[in-house]
Amino acid sequence: MRLFHLIKGDISFQIKYGFYLLYGILTFIYTFILFVLPVEWRGIVSHLLIFSDPAAMGLFFMGAMILFEKSQRVLNSLAVSPVTTQEYIFSKMMSFAIISEIVAMILAYASHQSDLLLVFIGTLMTSFIFSLLGIIVSTQIQSLNQFILWTVPVEIVCFLPPAFSLFIDNMVFKMYPITHCLFLIRGESSHIILSMSMIIFTIACLWFIANHFTKHMFKKIGGVHL
């Protein structure tokens, strides 16, 4: 029940500060783009759109969300409450995953994806990875400018190898863990066991790091400048 209220609170925050409105507008724009594109292009464009935006939104917006919580002293209350760092992290992951899935399913349906289940799983796994990366970065910074600066190298490391794998037949790119998220979003099920194993291992490692940094953040709560 406590976890449910945490997720509900995070979703209310996202609605209040326009996350859902923003992605409602973006979904309309993306869907329009898909409809005007040639049919043969829709698949790859929709894969890249889902992977690089709704699935990765945790990386883009986690900093703003946690910084607002710091500035509004929400974390001060959570630090002295029974809420655990694991519950705090999972709540953030699930709240971003919900909106990511809504947008991804609309785009997948609009582009006539053949395997919506794999798109759903791939989007969920990708959302978890990027949300954990967003939490790791957010716990280490004190301003929105810092967050933007710190996420640039993370974006390069996360986005370039999967994007290159679409056009370059290279084993290094294809064995990159986040590339397997893109494979699932594309509906590639030939190596699903390998893909899921690598993705789950990556999520487990990031969870451990995020939990460590979140505990440290709770111990050193202070003011921030937005």
Side-chain angles (χ1 to χ4, degrees), residues 23 26-27 29-31 33-35 37-62 92-137 151-207 209-210:
Y23 270 86
L26 288 177
T27 301
I29 295 172
Y30 292 157
T31 305
I33 291 172
L34 290 175
F35 275 124
L37 283 174
V39 176
E40 61 271 17
W41 290 10
R42 290 179 186 172
I44 190 170
V45 172
S46 66
H47 301 151
L48 290 175
L49 285 175
I50 293 171
F51 176 76
S52 64
D53 198 346
M57 69 177 300
L59 177 61
F60 302 140
F61 294 105
M62 191 68 72
K92 292 287 184 289
M93 291 169 60
M94 287 306 301
S95 65
F96 277 101
I98 289 170
I99 184 172
S100 296
E101 290 289 8
I102 293 172
V103 178
M105 289 299 98
I106 293 173
L107 296 180
Y109 182 79
S111 58
H112 305 291
Q113 297 281 354
S114 59
D115 197 331
L116 294 180
L117 178 60
L118 279 183
V119 176
F120 182 91
I121 295 172
T123 302
L124 183 67
M125 297 293 100
T126 309
S127 176
F128 283 170
I129 288 176
F130 282 113
S131 290
L132 286 169
L133 288 170
I135 290 172
I136 291 170
V137 174
T151 54
V152 170
V154 177
E155 291 172 12
I156 292 173
V157 170
C158 291
F159 290 135
L160 288 186
F164 286 155
S165 72
L166 294 175
F167 307 102
I168 302 175
D169 187 13
N170 185 287
M171 186 58 64
V172 175
F173 295 147
K174 291 186 176 181
M175 291 303 295
Y176 196 66
I178 301 180
T179 300
H180 286 271
C181 294
L182 181 57
F183 287 164
L184 293 179
I185 292 173
R186 294 180 64 189
E188 297 182 15
S189 58
S190 57
H191 301 94
I192 189 169
I193 295 178
L194 174 62
S195 295
M196 290 300 298
S197 299
M198 295 188 70
I199 293 169
I200 291 172
F201 177 75
T202 302
I203 291 174
C205 292
L206 292 175
W207 175 278
I209 298 170

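Worth saying up front: this structure is predicted, and the values here are computed from it rather than measured. Along the sequence shown, residues carry numbers from 1.
- Looking only at distances, no side-chain donor or acceptor of E101 sits under 3.5 Å from a matching main-chain atom of T123.
- Judged as a ring-ring contact (aromatic ring centres under 6.0 Å, His included), and not counting sequence neighbours, F128 has no contacts.
- Atom-to-atom distance recorded for C205:SG and I200:CD1 is 12.0 Å, nearest 0.5 angstrom.
- Using a 4.5 Å cut-off on side-chain heavy atoms (C-beta onward), M125 and I129 make no contact.
- In this structure, CH2 in W41 is found 13.0 Å from CD1 in I33, a value given to the nearest 0.5 Å.
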*Could you go step by step and tell me if S131 and M93 meet the side-chain contact (heavy atoms from CB on, under 4.5 Å) rule?*
CA-CA 6 Å; S131 290; M93 291 169 60; 4.1 Å; yes
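- Closest non-hydrogen pair, L132 versus I203, comes out as CD1-O, 3.7 Å.
- Closest approach of L182 and P162 over heavy atoms only: CD2-O, 3.5 Å.
- Proximity of V119 to L184: side-chain heavy atoms (C-beta onward) are nowhere separated by under 4.5 Å.
- Sorted by first and then second residue, the salt bridge (Lys or Arg N to Asp or Glu O under 4.0 Å) pairs with a member in residues 177-187 read R186-E188; sequence neighbours excluded.
- Between P161 and I178, the closest side-chain pair of non-hydrogen atoms is not below 4.5 Å.
- Using a 30° and 60° split on the angle between ring planes, H112 and Y109 fall in the tilted class, from 30° to 60°.
- For the pair I185 and L118, the minimum side-chain heavy-atom distance is 4.5 Å or more.
- No side-chain heavy atom of F201 sits less than 4.5 Å from a side-chain heavy atom of P177.
- Across K92 and I135, no two heavy atoms sit closer than the pair CB-CD1, 4.1 Å.
- Shortest non-hydrogen contact noted between C181 and T126 is CB-OG1, 3.0 Å.
- The side-chain hydrogen bond (donor to acceptor under 3.5 Å, both in side chains) pairs that include a residue from residues 152-164 number zero, where partners must be two or more places apart or lie in different chains.
- Distance alone, capped at 3.5 Å, places no donor-acceptor pair between the R42 side chain and the S111 backbone.
- With sequence neighbours excluded, no residue forms a side-chain hydrogen bond (donor to acceptor under 3.5 Å, both in side chains) with S127.
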What donor-acceptor contacts under 3.5 angstrom involve side-chain atoms of residues 49-62, with partners at least two apart or in another chain?
unit_1 : atom_1 : unit_2 : atom_2 : d
S52    : OG     : L48    : O      : 2.6
D53    : OD1    : Y23    : OH     : 2.5
D53    : OD2    : Y30    : OH     : 2.3

*Intermediate values then yes/no, side-chain contact (heavy atoms from CB on, under 4.5 Å), F130 and C158*: CA-CA 9 Å; F130 282 113; C158 291; 3.5 Å; yes
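- Residues satisfying the side-chain hydrogen bond (donor to acceptor under 3.5 Å, both in side chains) criterion with S100, sequence neighbours excluded, are absent altogether.
- Contact detail for L34 and A110: the closest heavy-atom pair is CD1-CB, 4.4 Å.
- For the pair M196 and H180, the minimum side-chain heavy-atom distance is 4.5 Å or more.
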